[in-house]
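Working notes, beginning with the structure itself.
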Amino acid sequence: MRQGAMKNQRKAFLRDLLFLGVVALITAVLLLMFPEKKDPVFSASENFLVEMLLIMPAVMVLMGLFSVFVPDELIVRYLGGDSGVKSMLLAIFIGAFPTGPLYVAFPIAASLLKKGARVASVIAFLSAWACIKIPQELVELQFLGAGFMLARLTLTVVFVLAMGLLIERIVGRELRDVPGIPNPGKPEVSSGQKESKR
Amino acid sequence: MNTTALFINVLALVCLLIGFWKDEARARRALVVAAKSFVRILPTMLAIILIIGLMSGFVPEKTISEIVGEEAGLVGILTVAFLGAILHIPSLIAFPLAASLLEKGASVTSVAVFITTLTMIGFVTLPLEMRILGNKLALLRNALSFIVAIIIGLIMGVIL
């Protein structure tokens, strides 16, 4: 199971390298054809490269710390079976800490539902996991500025809450019979094994 | 180094020190995870940086603002929303791309819509989500997220 995941990761990495190779090749060909474009292309690339190198290592350290210090059980313990609007805000707050791609959150969401957490909270948790990551907000702040970041963050929180309540209206307050993990051999919530994939 | 970059680095350093103070072994593991994720994201990051460069050099600002600018209208917004939903770019890397588009004449609305659908909707992971959370919940979440993303973008276009 774990080896399979590592193999997949390696494959994805090779695919990314190939993508970089293709882009580099296209850049080289285009610049050979239009040498006068060299300056604008490189100066734009250089600006962004410097900006990213200034913040990326720090962002990665933050994400690494979150993934190691905030185990999945902690999330389930805090959110399972809770209700009320306060729990939805808590769900957003808790969803904003851990890292890793969204599909890591699906099994956690499934076990939350099985434990009787309200649907609106689980939707809020999933959405927060998807788009209110703290390291992500920091990168947004760096590149798009405080106004953009704060406006989008506020609107996202408001609409995520509304969406959770709307979905709850449609499917009901509780949904204990979700399918859950497709692979029954795997423990329901795996901790410590999670590695940040981004 | 600007203030934001400085703030992020100081924050990371403080968190790291607290981590080491609380549990050294775990903090070390966090650093390993960080190094791995950095290597993992590096090829995509470099590729996007080259693409940003190419875009600045070869695509005239007029073309960009025609496709994703103010005058692109609803069709433009729907296009970026859809692109964000199907593309699988790490969101961290989408921000510099979004910033360069914004610089080149894209509208606030389309950039906000793009980032929001990119992060909230996973077309690639939808089958997995349906299997784990059930078809109804997964489809509802993704469909509503699409609509919400467009509303968020439109409001941002008005207030910013």
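Here the structure is a predicted model, which means the values were calculated and not measured.
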Any idea which of Met130(B), Glu129(B), Glu103(B), Lys136(B) has the most non-hydrogen atom pairs under 4.5 angstrom with chain A?
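Between Met130(B), Glu129(B), Glu103(B), Lys136(B), the count favours Glu129(B).
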Given the options Leu118(B), Leu42(B), Leu137(B), which has more heavy-atom pairs under 4.5 Å with chain A than any of the others?
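Maximum pair count with chain A is reached by Leu137(B).
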Check whether [X] gets within reach of chain A through its side chain, its backbone, both or neither, counting any heavy atom under 4.5 Å.
X	answer
Val108(B)	both
Ile151(B)	side chain
Leu133(B)	both

Scan the side chains in residues 153-165 of chain A for donor-acceptor partners under 3.5 Å anywhere in the protein, sequence neighbours excluded, and list what turns up.
| residue | atom | partner | partner atom | Å |
| --- | --- | --- | --- | --- |
| Thr154(A) | OG1 | Leu150(A) | O | 2.6 |
| Thr156(A) | OG1 | Arg152(A) | O | 2.4 |

Looking at Leu92(B) and Met52(A), what are the two nearest heavy atoms and their distance?
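Looks like O-CE, 4.5 Å.
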Which heavy atom of Thr119(B) sits nearest a heavy atom of Cys131(A), and at what distance?
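Closest heavy-atom pair between Thr119(B) and Cys131(A): OG1-CB, 3.1 Å.
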Is any side-chain heavy atom of Val41(A) less than 4.5 Å from a side-chain heavy atom of Ser56(B)?
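Answer no - side chains too far apart.
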Take Val111(B) and Phe148(A) through the test side-chain contact (heavy atoms from CB on, under 4.5 Å) and record every step on the way to the result.
CA-CA 10 Å; Val111(B) 167; Phe148(A) 192 98; 3.8 Å; yes
Taking Ser45(A) for the side chain and Ile49(B) for the main chain, is one N or O donor matched with an acceptor at less than 3.5 Å?
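Yes; judged by distance alone, with no hydrogens or angles, the pair exists.
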Just by modelled atom types, is the Ile55(A) backbone N or O under 3.5 Å from a matching donor or acceptor in the Asn9(B) side chain?
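Not a single qualifying donor-acceptor pair exists.
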When you look at Val23(A) and Ile51(B), which way does the side-chain contact (heavy atoms from CB on, under 4.5 Å) test go after all the steps?
CA-CA 7 Å; Val23(A) 173; Ile51(B) 290 174; 3.9 Å; yes
What do the steps show when you test Phe106(A) against Arg131(B) for side-chain contact (heavy atoms from CB on, under 4.5 Å), and what is the final call?
CA-CA 10 Å; Phe106(A) 298 150; Arg131(B) 216 160 62 211; over 6 Å; no
Looking at Phe69(A), does the NZ or CZ of Lys22(B) lie under 6.0 angstrom from its six-membered ring centre and within 45 degrees of the ring axis?
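Lys22(B) over Phe69(A) ring: no.
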Does Phe13(A) have Arg40(B) sitting over its ring (NZ/CZ under 6.0 Å from centre, angle to axis within 45°)?
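No, Arg40(B) does not sit over the ring of Phe13(A).
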